[in-house]
*Asks:* 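Please read through the structure below; I'll follow up with questions.
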Amino acid sequence: MSGFPVLTTILLAPVAAAVIMTFIPREEGKLIKCVAAVGTFVSMALSLYVYFSYDTALGGLQFAEKIPWIKDLGVSWFLAVDGISLPMLLLTNLIGFSAVFASWNVDNRPREFFILLCLLITGVMGTFVAHDLFIFLLFYEVVVIPIYILVIIWGSSKRVSKEYAGMKLTIYLLIGSAFLLVGIIAFFVKSAGILGGPDMSFTALAEAGKQLSAFDQTWLFALMLFGFGSLVSMWPFHSWSPDGYAGAPTAVSMIHAGVLKKIGGYGLVKIALYFLPLGAKFWAPYMAVLGVAGVTYAAFAALAQKDLKYIVGYSSVSHMGYVMLAIGSFNVIGINGAVANMFAHGVMAALFFSTIGFIYEKTHTRWIPDLGGLARQTPRLAVAFMLAALASLGLPGLISFIPEFTIFIAAFKVYGGLAVIGIAGIILTALYALRAGANTLFGPPREDYDHLKDIRGPEMVPLVVLGTALVAGGILPSLLFDMVNSGAVPLMTHVENVLKIGGVM
Amino acid sequence: MQVDLSLIVPEMAMAVLGLTVLILGLIVPKESRHGLGWFTALALLGVMGLVLAGWNNTGSLYGDLYVVDQFSQFFKITFLAAAFLVVLGSMRFVDKHLGGQSEYYSTLLFATLGMMVMASANDFMTMYLGLELMTIAFIILVCFRRTESKSLESGMKYVLLAGMSSAVLLYGLSLVYGITGTVVINEVGQALALRGPLPILMLGVVMLVAGLGFKISAVPFHMWSPDIYEGAPTPVTAFLAVGSKAASFAILIRIFVVGMFGISLNWELLLAILAAVTIIVGNLVAIPQTNIKRMLAYSSIAQAGYILVGLVTASQEGVKGVLFYAFLYVFATVGAFTVASYFYNVTGSDEIRDYAGLAQRSPLMAAVMVVAMLSMAGIPPLAGFVGKFYLFMTIVEDYLWLAFIGLVMSMVSVYYYLRVALVMYRDEPLDGTPIAVSAPVTVTLLVAMAVTLFLGIYPGPVSEVVNTAAHSFFMH
Amino acid sequence: MVEFAMHNAWLVPLLPALSFVIIVFLTKPWKRLSALVCVAGMVLSCVIATLAAYGVFTNHEFTEKPLVYAVRWFSMAGLNIDVGVQLDPVSAMMMFMVTLVGSLIFIYATGYMEGDPGYSVFFSYLSLFAASMLLLVISSNLLQMFVAWELVGLCSYLLIGFYSHKISAREAAKKAFITCRVADFGLLLGLLSLQIVFGTLNLTELAEKISNFGQYTSMGILTLITVLVFLGPIGKSGQFPLHVWLPDAMEGPTPVSALIHAATMVVAGVYLVGRTMFLFTEVPSAMELVAVTGGFTALFAASIAITQREIKRILAYSTVSQIGYMMLALGLGSLTASMFHLWTHAFFKALMFLCAGSVLHALHHKADVWEMGGLIKKMPITGWTFVVGGLAIAGIPPFAGFWSKDEILLAAFDTGHYVLFTMAALTAFMTAFYMWRMIFLALFGDEKPENHPHESPWNMTLPLIGLAVLSAVGGLVGTPWAPFWQEWIFFGHPHHAEPNYLIMIGSVVLAAAGIYLAYTLYCADKTKARAHALKERYKFFWTLSYNKYYIDEIYLWFNHTFIDGAARLFYLFDIYVVDGIIVNGIAAITRLSGEGLRVTQTGRLQNYALVFFLGVLAVAVVLAFTGPSVAAGLTGGVK
Amino acid sequence: MMAFLNSISWVAVAFHTLAAVVVISALLVVLVRNIVHAVLWLAVCFIALAGVFLTLDADFIALVQILVYAGAVCIMVVFGIMLIRRGNMGESNQFNRQVFAGGGVAVLVTLLSGVLSFRIRYAGSPPDVPENTVDQIATLLLSKYVIPFEVAALLLLVALVGAIFLAKEVKADADS
Amino acid sequence: MLTLSVSLHHYLILAAVLFGIGLFGVLTKRNAVAVLICVELMLNAININLLAFNKYITPGDFIGQIFAIFVITVAAAEVGVGLAIIIAIYRNKLSVNLDEFDWLKW
């Protein structure tokens, strides 16, 4: 299959599905859903193929495709995957495919919904396979608008209206990205000077980054940190996240919490850290502090919530705190942990949101005091919920434990006491995850919900796909870590080399 | 003096065309005058073909008074494209609301001719006359709905304020002429490089900035534009926002980047501040607007601020950014205004709240509106993003703060753009009947959207053309 | 055969795991089949475990050099974690005990759970638990152990909350999990530190490295690490002050209480400390801590047990107390005694729980011992096996408990810990008293007319008999005169304590005294008047004991006040400060400044002209101050 | 020398007189309350300006000034005013509310440009202006400046067409 | 009479003053026609400038003069269009008072 542009195919499959959908009459809801499912399935199958045929021993960029694109900006259509981007790509596809099925019951303007969803998935995938900064940026922001429209039409208003939530999410992230963009443009201009010509490929930019002065690296990294940090909902730039998820329809919450947020973490590792090691070194302790603050703060805030989506919303802020802590610990174990934890959290959060979506769909409430005893009436839903909750609290045997453990190792080694505060978050996490689970699923069943139908048929797909990933990743962490490590080691080797040189200019 | 008139064939063609349309109006019976729109549109395409055919036929006339280089050719193509789209998109509107087709189309053609002259003019007089041809034509177009008092009010505001600003501009030109003893821009540049920034010259610069700032509606010289944009017939607004602004940028670039290059250190920061203020005010005031045209007017103020960013460094990259942005700005703006004008045709309203459910009544119109607006906001993968990238690339080293202001405000602008999207996509229409979009408008909308997307996704070819144009400008 | 079992001990946890998978995905709709799969898996794994244990016991070298089979679980630059099987006498014993007791309890459960709607689910949980527990037992790596440790916690959670429609069960399950989580936090920190300091979590490698820890770290750090590691066992094994979850855990079905909260899971803490003895023995202060914690918990829990009324609660506190014994033994450095008591305790405590279950089954879950009475007549098998258990736990020779308890008392005495010895002895007395108080109240005396007890079916009584036999003879493997046990399970080198007849007799006397006291108060005295009188006289102590020293209430108060309070505080801060003031504030400022600027657009063209010329003046001023030489020029500097 | 001085003083006298007329009549244009009077003063101002142009050796421009401004423009304005029938012309040229602000700004702009104009340096007194300016201007307009000239022509055409279009009565059926 | 000399500066200042008066009128007159004629005053001020520069800076060249002709042309055209608009608006609203034309605002 060498020479076949498999990554482009992965990207285009959902787009193709979207194009086909535009020609389907809007009444054909079932057909539209099937087309969306097929499109995302093709992507998922191909990305699984790529994942398992990637040579981890060899490492580096594989499946590369490069076509010159914009000459005067040095842009090329450069897609490639390495050990860091591949898990993210796979994650996107797992969640994207599941999201289609989690939205199986969308009957309000399904055509528009699934077209936007497919575009959204493509956008997210694009950021992970792009190996060119410009192409990355193209995809980076392209996702925001579909999300906005998805939220305002198919979202739900609770504590805040969906319009508010959607707007806040969009503007917040865009303003974050504005700072990022300034950083990236400034960096690009400097790099063009260093390289003697514009080149947007990651590899070239990393080479250029080597020669930037420590001062430049520091402020450029700060900009990127703010941009990517607000996407990854780094404390205190997180406040879009709970409201945003609460307002969004299930599929969007899944994709947003599951993968979109990860673009922030991915960008921090693959762009900010990779290009600007000295800057990263300077900011690492601050990242760690913010990470720990996020973990604790958001965990406490989650504890005070009664709306299921808010719990998961704050919980995802909290979990992303670990990612920040991991990146802040600035060593190869930390990077491994950060990437793996993003994958783990993605699967878990997506499953969580899909479950909550089903609960909401069936009971028309997400307010915990109004729920209870669902385990009796909808056992399969309960299993999904518990799986997600347990993964959230880092239960060993499920996917998130080992990444968290890895992060703890990395952070504890570097930061000691500070890390302990962060690690203590696992207690709080257990507290709110179990409270949510127990109060929703257990206790005396309510008569109003006796008629509820358990999830079945297509609704089972998210549980099966994501649940399998949760368990498989938990039992065989090497599936994930071999991959991640093959990407993290070269990255950190590069970083350490740069630190040794210490910035030439 | 050898005069190669082949250089100005497009301009001559435009003049002839304008007169032809005027005469045709007298011949053609009233019932079939709507055909004039088609005629004009096709003729514009023809002229565009002439410009393209003469792409490499460059040179200057009358001792540098009139320069035909790729820079001006590019601008001419931009104007012609804008005019083409506006004509195509406004035929129904003209027939229904304006009447006087031949006057309308010929005036529009003369306005375009004025812009073309501005793009090539290399001395103050030609420049001024081009500018005034365009302005007078626009004044007439703005109050073309002579029964509509809003249209007339805007026309009156425009004529008085434009006259006043022309006076200021002229005052500035006269001072520059007085100091340098020449009105040819190259020579002005040479003279100024020798003489440096005299105080009186700086007064001239102030007046030039004010006079041209008026045309591009840079804050604080922008006050006229929202009112005029709102009051004018919508297709005219589109052309005004696009053509007038782009043409004024053409002379702004010539005057400042060529003429005032020697004293660039004295005005760079001024332009940077102006750009920043323009971006901020335009975007902030757009937020509370409820009328779509007025909102677009404020947004186009902000857009002028962005284009101004490219001038700050007086560099080839900056000019390139301006050219690119001006080009893409045409399509986004014309797209948005065409939707607005067609919507007005159907519903008689310009209020944003009446756009409720447009996505269901006409997905194409809603999509074009969103794409156009997001392009203006600079959201990838739309053209505006690439344009902003080019622009801010030039200033990020020296004017980092401006990059911050520009990009942050562009994200703020998404707020009001998305409010329109919200109304169009979320709300249920009060009147659910689908809107059938007429063929010429469909073409306009599709072209606008396609170019906006294409420039965003694959800007390579256009950026190379723009590069050549900017290069030719600096070779000169 | 034995060879095969020894080299393939990984099958032991795998078989129940397979059962779990099969039940969940295939046989769930068929109750009997599910139960069969579960029991079969367990029995098979018991067979393998028995063979493997036999293999280990017949081969001395495994004490010094455990048999380890490990594979790489995951690895990255600087962090490699293995999973594997480590067979040595301790794990072999444990494996054997767990599978044996497990098999019996599983069989019991087939009867006990009859008619429950979640029958299949229950057995799937049981299988999962067995798998996790066995994984814990055979772990060759501390991280693997931690994984299993948490998984058994999960199963415990699921099984405690099995009657999920009951709010009490739901809360108890949650409490169990959270309490253990707090403790596991410490354990996790300990493991992290070990990994960071020593670069490995493999038990054998750690043992080697810690024996000369000076190369890696200081005594202070090591002490800290040890204490952190010990936090885990405190939680999991219900030691003071984290014992609170264990009595509540009795909300689960009785087989669960027997298996998880008596015989196996709760002793995982003891087992963990036993596995990491190499660490603890390096840190004397930590050893003291372990011993004191154990001794105190033993006495403390016993003091609560004497006033409780619910049958399973009494047993639960007894469990806490007995585990305290085991901890005490570990703290005294006697792995032998600790493991011995673990072994005997598993049988008699499982037995007693199952008996209690049988009673409850018969009485339709009426749990208060004061409302029972004379059951032994209607339920002879249950009754008499219960009595065997009672004798065993009280420490009456030759029943199992006597030997192991004696070993512990001996260890305390021999090492000179007289205070702890006294506490242990006192505990022994109290244990005998409250156990027999329960037995007398429930089994003897007059029958209550409202009760209609009946003997349980064979699949419940059979395991009772089996366990009774084990409780009776299980201790004979380690008598002072035939110290097989002491030869096999030890830390460092085998410890041959000389039989101390004084202690032996003393403990028997204490036990007998306890039983006698219970007899006089609760059996001989039909009216129970003296018991009531005693209670009235020591009302204060009785209340304290009956209310478990109010520790639950203190925790509850703490939780409500501080944790939930902080949660509320953080949330309000988030809404009103981060979101309200900052985010929405900035948004509002933006909007308002838009509104403000908008008003300047008055619609009067001459206002616009005015602004235009003000702009001209402003530009002039800006230009005057920004151009490099204009300011000078304006003041006349330039020509 | 004397003649030279005389000639200078003649120009100077003429200039100062005309300048005074220009300024005063311009002020009156702004200040008088009747718009018709204002237009008349405007005509005076334009004529005086033509005189000023003559002192600048621009005889052709002076002529154009009189023809176009004093003649055409002023009459056009008067016609315009007549078309806009008003009962009381006496109050037809009032100030609005921003008279002080406007005055301040106008004074500041005047001061700014006036003061800065003083700074301009130029080489001595001007040489004689060539005779027969009309010929030369005509030649230049039709050769070197033919493009602006043509553009100006088109501009006038557009203005004419537009003015007619705008000013003519709207037929009842032109708008729906 | 020796004090009565004349130089470029005199013309420039006359232009500035005339410009200022015109500006004052533009800013403060209520009648649209008055504003229009004040704009004409401003344009005339520029013509003084142009012709003065023509005489003193580029004598023998006709740049300033030609420029002035163009300015006059444009100004005339502007007046024509402006008056047409004023007439049209008067027809609609029966007023030429600028203060009354503020439907378009905010």
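Source: prediction; values computed, not measured. Quick note on labels: first sequence line is chain A, next is B, and so on, each numbered from 1.
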*Asks:* At their closest point, which heavy atom of A:Phe412 faces which heavy atom of C:Leu189, and how far apart are they?
*Replies:*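 That closest heavy-atom pairing would be CE2-O, 3.9 Å.
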
*Asks:* Show, in sequence, the C-alpha distance, side-chain angles and deciding distance for A:Leu395 and C:Phe177, and conclude whether the side chain to side chain contact (heavy atoms under 4.5 Å, CB included) test is met.
*Replies:* CA-CA 11 Å; A:Leu395 187 83; C:Phe177 199 97; 4.0 Å; yes

*Asks:* Please determine, among A:Val383, A:Ile475, A:Val484, the option with the most heavy-atom pairs under 4.5 Å with chain C.
*Replies:*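 Heavy-atom pairs under 4.5 Å are most numerous for A:Ile475.
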
*Asks:* List the steps and the verdict of ring-ring contact (aromatic ring centres under 6.0 Å, His included) for C:Phe146 and A:Phe405.
*Replies:* CA-CA 11 Å; C:Phe146 185 77; A:Phe405 175 77; 7.8 Å; no

*Asks:* Which bit of C:Ile575 comes within less than 4.5 Å of chain A, counting heavy atoms only: side chain, backbone, both or neither?
*Replies:*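 For C:Ile575, side-chain heavy atoms alone lie under 4.5 Å from chain A.
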
*Asks:* Look at C:Val83, C:Leu143, C:Ile81 and state which one has the largest set of heavy-atom pairs under 4.5 Å with chain A.
*Replies:*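 With the most close heavy-atom pairs to chain A, the winner is C:Leu143.
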
*Asks:* Heavy-atom distances under 4.5 Å only: say whether C:Val182 touches chain A with side chain, backbone, both or neither.
*Replies:*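 The answer is both parts of C:Val182.
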
*Asks:* Heavy-atom distances under 4.5 Å only: say whether A:Met386 touches chain C with side chain, backbone, both or neither.
*Replies:*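 Contact with chain C is through the side chain of A:Met386 alone.
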
*Asks:* Looking at chain C, which one of A:Val489, A:Ile171, A:Ile402, A:Leu476 has the largest number of heavy-atom pairs inside 4.5 Å, strictly under?
*Replies:*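 Ranked by contacts with chain C, first place is A:Ile402.
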
*Asks:* Looking only at heavy atoms, what is the nearest atom pair of A:Ile333 and C:Ala77, with distance?
*Replies:*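 Scanning both residues completely, I find the closest heavy atoms to be CG1-O, 3.4 Å.
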
*Asks:* Let's test your reading of the structure: which of C:Leu188, C:Ile196, C:Leu79, C:Leu154 forms the most heavy-atom pairs below 4.5 Å with chain A?
*Replies:*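 Looking at each option in turn, the highest pair count goes to C:Ile196.
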
*Asks:* Which heavy atom of C:Ala567 sits nearest to which heavy atom of A:Ala304, and what is that distance?
*Replies:*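 Closest approach of C:Ala567 to A:Ala304, heavy atoms only: O-CB, 3.5 Å.
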
*Asks:* Taking all atoms of both residues into account, what is the closest heavy-atom pair of A:Gly397 and C:Val147, and its distance?
*Replies:*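 Smallest interatomic distance, heavy atoms only, reads N-CG1, 4.1 Å.
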
*Asks:* Against chain C, label A:Leu390 side chain, backbone, both or neither, depending on which of its atoms sit under 4.5 Å from a heavy atom there.
*Replies:*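 For A:Leu390, the side chain is the part near chain C, not the backbone.
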
*Asks:* Report yes if some heavy atom in the side chain of C:Phe570 is under 4.5 Å from a heavy atom in the side chain of A:Leu303; otherwise report no.
*Replies:*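 No, too far: nothing below the 4.5 Å cut-off.
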
*Asks:* Out of A:Ile423, A:Val332, A:Leu479, A:Leu428, which one racks up the most heavy-atom pairs below 4.5 Å with chain C?
*Replies:*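 Most pairs with chain C among the choices: A:Ile423.
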
*Asks:* Which residue pairs pass the salt bridge (charged side-chain N to carboxylate O under 4.0 Å, His left out) test when at least one of the two sits in residues 483-495 of chain A, sequence neighbours left out?
*Replies:*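 Salt bridge (charged side-chain N to carboxylate O under 4.0 Å, His left out) check on residues 483-495 of chain A returns no pairs.
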
*Asks:* Please round to the nearest 0.5 Å and tell me the distance separating atom CZ of C:Phe185 and atom CD1 of A:Ile426.
*Replies:*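 Rounded to the nearest 0.5 Å, the CZ-CD1 separation comes out at 6.5 Å.
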
*Asks:* With a 4.5 angstrom heavy-atom cut-off, which part of A:Leu480 approaches chain C: side chain, backbone, both or neither?
*Replies:*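 No part of A:Leu480 comes within 4.5 Å of chain C.
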
*Asks:* Compile the donor-acceptor pairs, distance criterion under 3.5 Å only, formed between chain C and chain A.
*Replies:*
from     : atom 1 : to       : atom 2 : distance (Å)
C:Trp73  : O      : A:Ser478 : OG     : 3.4
C:Trp73  : NE1    : A:Ile475 : O      : 2.7
C:Ala77  : N      : A:Asn485 : OD1    : 3.2
C:Ser164 : O      : A:Gly443 : N      : 2.6
C:His165 : ND1    : A:Arg376 : NH2    : 3.1
C:Arg170 : NH1    : A:Phe442 : O      : 3.3
C:Arg170 : NH2    : A:Asn439 : OD1    : 3.3
C:Arg181 : NH1    : A:Leu393 : O      : 2.6
C:Arg181 : NH1    : A:Ile426 : O      : 3.3
C:Arg181 : NH2    : A:Leu393 : O      : 3.1
C:Asp564 : OD1    : A:Arg435 : NH1    : 3.2
C:Asp564 : OD1    : A:Arg435 : NH2    : 3.0
C:Asp564 : OD2    : A:Arg435 : NH2    : 3.3
C:Tyr571 : OH     : A:Gln305 : OE1    : 3.4
C:Asp574 : N      : A:Tyr297 : OH     : 3.3
C:Asp574 : OD1    : A:His238 : NE2    : 2.6
C:Asp574 : OD1    : A:Tyr297 : OH     : 2.6
C:Asp574 : OD2    : A:Tyr314 : OH     : 2.3
C:Asp579 : OD1    : A:Lys168 : NZ     : 2.6
C:Asp579 : OD1    : A:Ser239 : OG     : 2.9
C:Asp579 : OD2    : A:Lys168 : NZ     : 2.5
C:Asn584 : OD1    : A:Tyr164 : OH     : 2.7
C:Asn584 : ND2    : A:Tyr164 : OH     : 2.9

